[in-house]
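All ligand and atom numbering here is 1-based and tracks the order in the structure.
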Amino acid sequence: MRILKPFLIVFFLTVLNSGYSQKIYTEKDIQIIPKPNQLLIQPGAFEFSKSTKFVATTDFQKEISTALINKFEKAAGWRPEISAASPQSNFIQFKVDQTLNKEAYKLEVSAQSITITAKGNAGFIYGLESVRQLLPNAIESKNVITTQKWEIPNVVITDEPRFQWRGLMLDLSRHFFDKNYVIETIDRLAMLKMNVLHLHLVDDQGWRIEIKKYPKLTEVGAWRVDQENAAWNARLTTNPDEKGTYGGFLTQEELKEIVKYAATKNIEIIPEIEMPAHVSSAIASYPELACFNQRIGVPSGGLWPITDIYCAGKETTFEFLQNVIDEVIAIFPSKYIHIGGDEATKTNWDKCPLCQKRMKDNGLKNAHELQSYFVKRMEKYINSKGKKIIGWDEILEGGLAPAATVMSWRGTKGGTDAAEQGHDVIMTPESHCYFNFYQGPQNEEPIAFDGYTPLSKVYEFDPVVETMTPEQAKHVLGGQANLWAEYLPNTKESEYMIFPRLAALSEVLWSSKEKRNWNDFTSRLPSLLVRYDYLGINYAKSAYLVTAASTADMAQKQINITLKNEFPNPDIRYVLGDKTLAGNAVKYTTPIQVKETTIVKASLFQNEKLVGKIFTDTIIFHKGVAHKVKYLTPYNNNYKGDGPYTMNNSIRGSKNFHDGQWQAWLVNDMELVVDLEKQESVEQVIIGTLESQGSGVNFPTQIKVLVSNDDITYKEVGKISRPYAVNVNSELKDFKINFGKQNARFIKVIATNLKKSPKGESSWLFVDEILVN
Ligand code: ACM
Ligand code: ZN
């Protein structure tokens, strides 16, 4: 046994006496999301124990303290008590400072006490949420952990949000989610210091709010014929006489409970009552609300275009809506009512005598102006009740209602236009805020909307557009994630789409722009994910998935494969060939050089363990790889693929047509020449394509292959034709054209675009890759 030197003994005794492990905290240990704006770390820590007192002087302080005390009871096995007065030490207290902004807080932690200073309840909530995130992740445990020390570092945090609107929209119509899920979501929003929950309560596929004056809205409109087993867009039109069995709704009592609970978390519930479109469920209940009293069933799935809309000519439509709004106002204290306003196809209005009369009487030139009349009239009513309206950016068309707030979803243009007109704006552009879009490689993900919004993209979002003047920027209230629920049959799927993207959004909306840093965010994220594990939240791990990109080396005729995931400096390991990763994996550091057909398998590793799914791809090395391609018809600028060798880089496009591998032609045919640079014997050309008819992407109708040795005279060697066929799925297809052996240098490929879909939409042609064998 070694003899301890005297000074070491003194040191150990000091540590033992103090009762602390003397952990030195650094900024790395502070993993709060969203990132606080000012943080000062001081030596030492505060340790929670059974005898810690929560000094609460108001009912509200008692209530929020109890929420954290309950966590100690579960995770630590003891309950700190609430006390009316401060003891000498070992307490947490709330202090009012009227000079602070509404949601700001200051958190001061010393070894003796914790003080949360705020103007009022909102700041107290956020201060306490920060205390929660400073505590070890195990505070979220539902089982007692006796070995844990419940300390938090001595810090001074001064914090407040950048934006006043930090929201999430849940679509309760396309699939019904009950009160419990809404309440759980409120907790999860509050944890990220988000403050708005927008409930999309009305849509074609289900009316989800009890309206006592119109009971059929929920007797009929809340239920649809159950076709849950079929793909959303493949569901059949329902007969109005067939009884609906899938659905549900929230009673007024339940909604009041939700509102009340949300207030304890500083969350405002915004009800959305769609009009004039997205209301098939209302028309199924009361056909007289439509122009021609048409009887329809509640649609069981996809519906497009939306032509069954409220009649704008009948006075009874407005009477109905005003009565509905009266009941809505009595439930929701928010100053906002969202009236929808999106995606109305107004063909019935053009045909309906009453709508036509309305237009004539009011000097309205077209259906857009009639919608504007509709919205303005409802706004006037809602304003008369002391409330303001929000509408989707379509409400700009035909003239904006005088005091409307615009929710900009079709990009940010609607938002910038509205801000220019002096209106308030909430930015929810599809590109960054639609959480119903894919968040990872499409082949690996549950079915979602065609669109790609990975975690890193959400983090790049900024609600203020660069071109805005400071005056216009002041009208940007903030931003919001929208989660449409067509493809979300249950809460697990819903959670998967929300988390962890909501964490990224929370930081965009809370933290100052200068504080935002992707590397730093991704270093704090794992701690939040551990909490989500404790809380049983089914968050997505898509950001961990490894994906491949490649560049072609013309001179060496080789492919350089780059492996990455969304995080900086990931520990990616790979194998080439048909081997397992376990035991064979090599750490990825620089691009992998491939000169022949090879299988690549890769995965992320953490602490020497494989995490997430394994990426597998077969790099098919064909005669065209890394040779020049000449485009006789240019590809569309929005789909340029991955550089000049996209068509022959041996990396194949996935079902996600935004994956950066695809090149696309809108209406035009694809015509290109692959230059093999010397004569080669060739006998087959394979053209990889994609179809996703819902997004206007169709397979080619014909493919022709021609060969030449001088690039002047070409000989046709093969052709296939394929007539258009309805396809409800997103599908990858290789068209193979075989021909007798040819000695040729130039290979011309012509793929014919469908040009116009049966619906009359311009057609996209997507191609990747062109293999020459
Ligand atoms: C929307 O996505 N139709 C607002
Ligand atoms: Zn009408």
Side-chain angles (χ1 to χ4, degrees), residues 167-171 173-174 198-205 270 272-280 282-283 286-294 302-321 338-362 364 366-367 369-371 373-375 377 390-397 405-415 425-437 448-451 453 479-487 497 694-695:
L168 169 71
M169 185 207 76
L170 286 184
D171 168 9
S173 174
R174 272 51 176 273
H198 163 178
L199 295 179
H200 186 75
L201 294 165
V202 172
D203 216 303
D204 297 302
Q205 294 84 358
I270 311 292
E272 182 183 353
I273 308 297
E274 275 271 21
M275 61 188 79
H278 284 291
V279 293
S280 299
I283 291 170
Y286 297 99
E288 61 274 22
L289 292 168
C291 286
F292 304 107
N293 303 338
Q294 55 266 39
L303 176 71
W304 195 260
I306 302 163
T307 52
D308 289 313
I309 68 177
Y310 290 141
C311 177
K314 294 175 184 170
E315 278 305 295
T316 46
T317 302
F318 293 97
E319 244 170 65
F320 165 82
L321 283 171
H338 197 309
I339 53 83
D342 57 323
E343 299 183 318
T345 297
K346 305 165 186 91
T347 42
N348 283 351
W349 288 3
D350 291 328
K351 288 183 279 189
C352 166
L354 292 172
C355 285
Q356 289 301 307
K357 181 168 185 308
R358 175 84 72 199
M359 286 169 68
K360 191 151 165 274
D361 290 351
N362 291 276
L364 307 172
N366 54 41
E369 291 191 5
L370 182 54
Q371 161 141 347
Y373 165 91
F374 196 115
V375 171
R377 187 164 163 179
I390 301 172
W392 299 110
D393 57 59
E394 283 92 334
I395 67 167
L396 280 150
E397 294 161 4
T405 297
V406 170
M407 196 168 260
S408 189
W409 71 280
R410 296 176 301 177
T412 51
K413 172 136 192 345
V425 168
I426 299 143
M427 289 294 196
T428 67
E430 288 178 291
S431 54
H432 296 75
C433 296
Y434 268 39
F435 283 12
N436 46 315
F437 286 0
F449 272 75
D450 276 332
T453 309
Q480 174 175 300
N482 293 334
L483 182 60
W484 302 101
E486 283 88 340
Y487 299 126
M497 300 308 268
S695 304

Distances only, to 0.1 Å: what are the N or O pairs between ligand 1 and the protein that fall under 3.5 Å?
unit_1, atom_1, unit_2, atom_2, d
ligand 1, 2 (O), Y434, OH, 2.6
ligand 1, 3 (N), D342, OD2, 2.6
ligand 1, 3 (N), E343, OE1, 3.2

*Pair D203, S173: side-chain N/O donor-acceptor within cut-off below 3.5 Å*: no

*Look at the aromatic rings of W409 and Y434 and report parallel, tilted or perpendicular, splitting at 30° and 60°.*
parallel

_For G415 against V425, the heavy-atom pair lying closest together_ = O-CG2, 3.2 Å

*asked:* If you apply the rule side-chain contact (heavy atoms from CB on, under 4.5 Å), what do you find for M407 with D393, and how did you get there?
replied: CA-CA 6 Å; M407 196 168 260; D393 57 59; over 6 Å; no

_How large, to 10°, is the angle at the Zn ion (ligand 2) when you draw lines to SG on C291 and to SG on C311?_
110°

*Write down the atom of I306, the atom of A277, and the distance for their closest heavy-atom approach.*
CG2-CB, 4.1 Å

*Would you please classify the geometry between the H200 ring and the W484 ring as parallel, tilted or perpendicular, with 30° and 60° separating the classes?*
perpendicular

